[in-house]
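To start, the structure under review is shown below, and the notes come after it.
To find a chain, count down the sequence lines: A is the first, B the second, and so on, and within it residues start at 1. Just so you know, these numbers come straight off a predicted model, no measurement behind them.
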Amino acid sequence: MLKILKYSFYDLIKSRWSYIYLLFYLLLSFVLLFLNNDIGKAVITLMNVIIILVPLIGTIFGIMYYYDSKEFTELLLALPLKRSSIFLGQYLGVSLSLSMSLIIGLGIPFISYGLFQSAVIFDFIQLIVVGSFLTFIFTALSYNIGLMNENKIKGFGFSILVWLFLAVIYDGIFLSVLMIFGDYPLETVTLVGTIFNPIDLARILILLKLDISALLGYTGAVFKSFFGGASGSFLAMGILFIWAVLPIWLIKYKASKKNF
Amino acid sequence: MIQIENLHKRFGENQVLKGIDIQIKSGVLAILGPNGSGKTTLNKCILGMVFPDKGKITVNQQDINNRWNYRKEIDYLPQIANFPNNITVAELIKMIKDLRNVKSKDETHLLQLFKLQPFLNKKLNNLSGGTKQKVNLLLTFMFDSPIIILDEPTTGLDPAALIILKKLIEEEKKKGKTILVTSHIMSFVEEISDEIMFILEGKIYFKGTISQLKNQTQQTNFEHAIASILIDNHA
């Protein structure tokens, strides 16, 4: 598996798109830091961007790489290699190269603005960790969609839909539910609803760390008591971890059953 | 040696293979049949890329079900060669060697044979279809495995390369290897194969030597013999 990972990774870091992605983050962070002139505020603004954009990029790169390397995958399948190592290797290659773009792209500007001297270093690290988790989760989801759909257009459409659903539509439905049933105690519903969407989970995790949960009123307080402490943070990370592991396991399972 | 028993495969509505039973020993066996008769599916079943619905395949007395190590014994030439575009021919050769865990194999002889040295440092997406096929052939013949599966090896080759290919197959045959070839070029098949197997609608319609086929169909010409099977079965 490590060999396949190595080759996919090299193949990707040689591609133009990885650099465009890296440059985008470099530019974005420098501009935010320049405009805010405050690392803490820049982290909050960045969070809003990352929570939507990282899943989108993970989705698009994942599905594109899957279809792009399909013929080559068939060549690999005829070699004495285990199926799961081929697919997991390629998947990890994509996710790791994307995560690396994210880490370097955000890291360089923040470090040069004196991140290590500031108090927000842990918030920043959490932002990076959550961003990497989202990359792994959404790349895995789109890889699964690729494995399930022979038709490129369909596969591409489905993965964009999944992203759109989790990034936008889910929140819409969620908010409507909260509005309609506003007279009832909804704390549990809200907690459960958050768990089922990795983007929301990531958002809550970062919001709580940044100590602006007071803005969320009573629900914010419930969240604070649930996710806020050290054990809550671990729990939320654990759920994010499950969100990453389940689709990865599904890649392995689907790949072992598929005809090529 | 490859042993196939009662092989069935269906893709959705389309029942591609309907009970293939065959024992493939050393020598060149050409798999023939009209388009969509299941030749490639059969090859892919042997390689474990397609999972049969029913039946059993053994390669060198080893059941291949859910195994991958047996593929060390097989060299496969896929029908359409598509390689990662970002890398050069030399890098690809190095990579396949690395993935197969045989770094010591020497490809210079084959490089010279196919005159591929000038392309070594070119990227694969800049190569013509025929040159890509030569690279594909090089990667297939490089590893000297006891079983060779060639799916449409003649595609895109110029006459000079075709002669080299025939010579290569002849050499490998002399080493006592098991070679499976699918092709629609009848003169090529006639020249290289010891035996042919004709698949029609997912079943083996004929297996034997070319002269046996000519006798059975009462034709003097191989191409006409094959055509007569097709016409008889579609009439």
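- From N66(B), atom CG reaches atom NZ of K82(A) across 11.0 Å, with rounding to the nearest 0.5 Å.
- Across I87(B), D98(B), I74(B), the residue that shares the most heavy-atom pairs under 4.5 angstrom with chain A is D98(B).
- Proximity to chain A is absent for every atom of L139(B), based on heavy atoms less than 4.5 angstrom apart.
- Among R100(B), R71(B), K72(B), the single residue meeting the side-chain contact (heavy atoms from CB on, under 4.5 Å) criterion with L79(A) is R100(B).
- Other residues, nucleotides and ligands place more than 12 heavy atoms under 6.0 Å from the CD1 atom of I20(A).
- The choice from L81(A), I4(A), D68(A), L76(A) that makes the most heavy-atom pairs within less than 4.5 Å of chain B is L81(A).
- Heavy atoms of K258(A) lying under 4.5 Å from chain B belong exclusively to its backbone.
- More than 12 heavy atoms of other residues, nucleotides or ligands lie within 6.0 Å of NZ in K70(A), so this atom counts as buried by the packing criterion.
- In this structure, K173(B) places its NZ atom where more than 12 heavy-atom neighbours from other residues, nucleotides or ligands lie under 6.0 Å away.
- The number of heavy atoms from other shown groups lying within 6.0 Å of NZ (K252(A)) does not exceed 12.
- Side chains of K3(A) and N101(B) form a contact here, defined as non-hydrogen atoms less than 4.5 Å apart.
- Listed here is the closest heavy atom pair of K94(B) and Y7(A): O-OH, 4.5 Å.
- Of the two parts of F11(B), only the side chain, counted from C-beta on, holds a non-hydrogen atom closer than 4.5 Å to a non-hydrogen atom of chain A.
- With rounding to the nearest 0.5 Å, the separation of CG in D11(A) from CD in E91(B) is 10.0 Å.
- Interface remark: S256(A) contributes backbone atoms only to the contact with chain B (heavy atom separation under 4.5 Å).
- Annotation: the span from N136(B) atom CG to L75(A) atom CG amounts to 7.0 Å, rounded to 0.5 Å.
- Taken from CG in L47(B) to CG in L77(A), the straight-line distance is 9.5 Å, to the nearest 0.5 Å.
- For K14(A), the NZ atom counts as densely surrounded, since its 6.0 Å shell holds more than 12 non-hydrogen atoms of other residues, nucleotides or ligands.
- Counted within 6.0 Å of NZ on K115(B), heavy atoms from surrounding residues, nucleotides or ligands total 12 or fewer; the atom is thus considered open.
- No more than 12 heavy atoms of other residues, nucleotides or ligands shown are found within 6.0 angstrom of NZ on K203(B).
- More than 12 heavy atoms of other residues, nucleotides or ligands lie within 6.0 Å of CH2 in W68(B), so this atom counts as buried by the packing criterion.
- In this structure, M49(B) and R83(A) approach most closely via the heavy-atom pair O-NH2, 2.9 Å.
- Of the two parts of Y76(B), only the side chain, counted from C-beta on, holds a non-hydrogen atom closer than 4.5 Å to a non-hydrogen atom of chain A.
- Distance check: R10(B) CZ to N259(A) CG gives 13.0 Å after rounding to the nearest 0.5 Å.
- Here the closest heavy-atom approach between residue L92(B) and residue F72(A) is recorded as CD1-CE1, 4.4 Å.
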